[in-house]
Amino acid sequence: MTERAPSLLDLDGVGPARVQALARLGVDDLRDLLLLLPRALESTGARVAIGDLADHVGASVRVVGTVARRSFRRFGKRSQLTVRVTDDTGSVDLVYYNQSWQRERFADDQEVEVWGRPQRSQRGLVFLSPRVGTDDSPLPPAGGWRSLYPQTDGLGAELVRKLVAQALRDHGATLDEPLPADFLDEHGMLPLDEVPAALLEPRDPTHFTRARRRALFSDLAAAHARAAERSRAGRGGGARRCAVDDDELARVEALFPFEWTGAQRRVVGELRADLASDRPMRRLLQGDVGSGKTAVGVCAALVAAAAGGQTAFLAPTELLAEQHAESLAPIFAAAGRRVALLTGSTPSRDRRRVLREVKSGAVDLLVGTHALFHPDVVFRDLALVTIDEQHRFGVAQREKLLDKRAAAHLLLMTATPIPRTLAHTLYGELEVSLLDERPPGRGPRTTRWLRDRDAERLPEFLAERLDAGDRVYWVSPRIGDEEARGAEQAFERWSSSDLARHGVELVHGRLDAAERAKRLARFRDGDARVLVATTVIEVGVDVPSATVMVVEDADRLGLAQLHQLRGRVGRGAAPSWCLFFGKPAAAERLELLEQCDDGFALAEADLARRGMGELGGLRQSGESAGFEDDLDLVVAARDLFARNPEVVAALARAGGGPRAPRNTLHVP
Ligand code: ADP
Ligand code: MG
């Protein structure tokens, strides 16, 4: 009898369709599944008495009580269900708007467990749309931590969790740790054999973080090994020479509806020189939010197109990709060139057409998300790979696009301010360009951390701005299962307030692309002057007439992310305001943002304050984690690679090489 290595197909309930769905999550084999990174970690809420809820406003808590009263009202299409729950110490109302089906879940005198965040309202404390556990469908145990898994079409997060648990039970003993214990200790990582259990059922956030870092590290080390090989191979040339003369360049620059800044001209000059060579460009373009990076990247794509080459333009979210495709199409059309869009939401008929046109060379610029990595995406003559908001991607993903053509020119763009000294360590193989000048004519932007009394004045301020015709973003940055719910609750509050007459729209990551585009268009066109959103709008929303942003729970987001978010306002000539609500625990971060409006200065200040070891704080988002939390891992991978290439080669083989979105967390 020959022994066959166990595969994903050995898991209960997994057939070819689920194997494909798992592949979309970056899981190609059992090892990948064991090391699959949860999207986030959430607290399951501590149990408290109803009488003590006032001490826990806004926190994730549990109460247990009996249903004392229920009322249900309809107003036209809307409805409100109120359920009063009582224990020995007091009572609290659960409120559900427009969820009439919830009625059937409650019976008088029934014992229920409630999980949510209590809020103040006119009639005292309430839970808005809390989760409720009953004997039949209990909640996860209170007072613990729960990993939230990613999901994809045909594979829900709960099912992913079950598969991981099964893989751990049946195949968990297959991981060996090749790295020395002192290296792991030094870098805050768990040994590999302990990682799967700690990812699935972490004891606490530290335990989770140590496991997550180790899982990420194997991908990183593999990707770095490949990047190094690639860069050795690339020195020999082989890139498409995209040379344009001065007239041609002037024609390209004139396609844009503005005067280029001096910094933009300088960078375009650098790119032009790089693109004219057969040595593949490897360039990182850094610039603060709104400094005009994307425009420069597009200019490079037009230069490539003028020389007959195609460009792949990768963006981290569908929203951003859609916006780029829409705003670039007319510029390209004016140059007699074509733009196409490819994302996970592209209908299959359109997808087939786009793939055909990319292959034939009819499309000059292909804008898209992770969908671009797919092996079916084949270019006729790929000259340039451009990655927008590159800090949202892993090294592995960058490499994956270069698989389409190893000698393509590569332009990375980022607004995550990384101090120059550090940029060199992190991106040693890259040349760095800097956009250090803002386009002229932008109004002043004021940032305020709202404390108690300010909150009372806020409605008046908002009313004043809206009456003046301004546009307002209201951001609710909850994550995980709560993501959409937090924003929905804010939307309900807005819709039932006096300000609803200005028109309110809601966007979050769970809307389909067409619906999201429709709602954004209503906001852009002024039909709705308030946009309630999750952090999906962090990148890619460009509405110059929006002048006010309010961020709830800002303490849940890191410095870099808050800075990026506030970049949505201050894009026009009018003055603008960015207002944060947040717990005092985040005082340092919020005060820094109040005082400093420049992303690079912020990063320097932050670095000086914490030192390199805690660079992760650039994007420390409370219970979730983002890629930059792990910048120091990139440094560790480089160290290890320099000191001990054999270990990395072993890791590269074990890790199976770069894969899809494993190390991109927190992309809404
Ligand atoms: P970034 O990618 O750095 O955040 P964008 O390229 O998206 O910045 O530019 C932000 C906004 O400023 C866009 O609306 C863009 O059209 C505009 N813009 C870019 N460059 C200039 C310029 N030189 N003058 C005026 N507006 C500009
Ligand atoms: Mg941009």
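Read the numbers this way: they start at 1 and go in the same order the structure lists the ligands and their atoms. Source: prediction; values computed, not measured.
Distances below 4.0 Å separate heavy atoms of T261 from the following atoms of ligand 1: 23 (N).
Looking only at distances, a side-chain donor or acceptor of R240 sits under 3.5 Å from a matching main-chain atom of A307. Between the side chain of R266 and the backbone N or O of L434, at least one donor-acceptor pair lies under 3.5 Å. Looking at R571, its side chain never comes within 3.5 Å of a backbone N or O of A546 through a donor-acceptor pair.
Considering backbone and side-chain N/O atoms, G292 comes within less than 3.5 Å of an N/O atom of ligand 1. In terms of N/O distances under 3.5 Å, ligand 1 is approached by A295. The shortest N or O to N or O distance between V289 and ligand 1 is not below 3.5 Å.
Protein heavy atom nearest atom 2 (O) of ligand 1, with residue, atom name and distance: T294 OG1, 2.7 Å. Scanning the protein for heavy atoms near atom 13 (C) of ligand 1, the closest one is D542 OD2, 3.4 Å. For atom 4 (O) of ligand 1, the closest heavy atom belonging to the protein is G290 N, 2.8 Å. Protein heavy atom at the shortest distance from atom 20 (N) of ligand 1 is Q264 NE2, 3.1 Å. For atom 15 (C) of ligand 1, the closest non-hydrogen atom on the protein side is F258 CE2, 4.2 Å.
In summary, the side chains of R351 and T346 do not present any donor paired with an acceptor at a separation below 3.5 Å, with no hydrogens or angles considered. Between R465 and T547, the side chains place no donor N or O within less than 3.5 Å of an acceptor N or O (distance only, hydrogens not considered).
Residues R448 and W577 form no side-chain contact, since every pair of their non-hydrogen atoms from C-beta on lies 4.5 Å or further apart. Side-chain contact check for V543 versus R568: every heavy-atom pair is 4.5 Å or farther apart.
Counting heavy atoms under 4.0 Å from ligand 1, residue D288 touches it through the backbone alone. Only the backbone of W260 comes within 4.0 Å of ligand 1, judged by heavy-atom distances.
A tilted orientation is assigned to the rings of W474 and F581, their planes being inclined by 30° to 60°. Aromatic ring orientation, F256 versus F258: tilted (interplanar angle from 30° to 60°).
Contact annotation: T294 places an N, O or S atom under 2.8 Å from the Mg ion (ligand 2).
When the heavy atoms of R265, R571, Q564, R442 are ranked by distance to atom 17 (C) of ligand 1, first place goes to R442.
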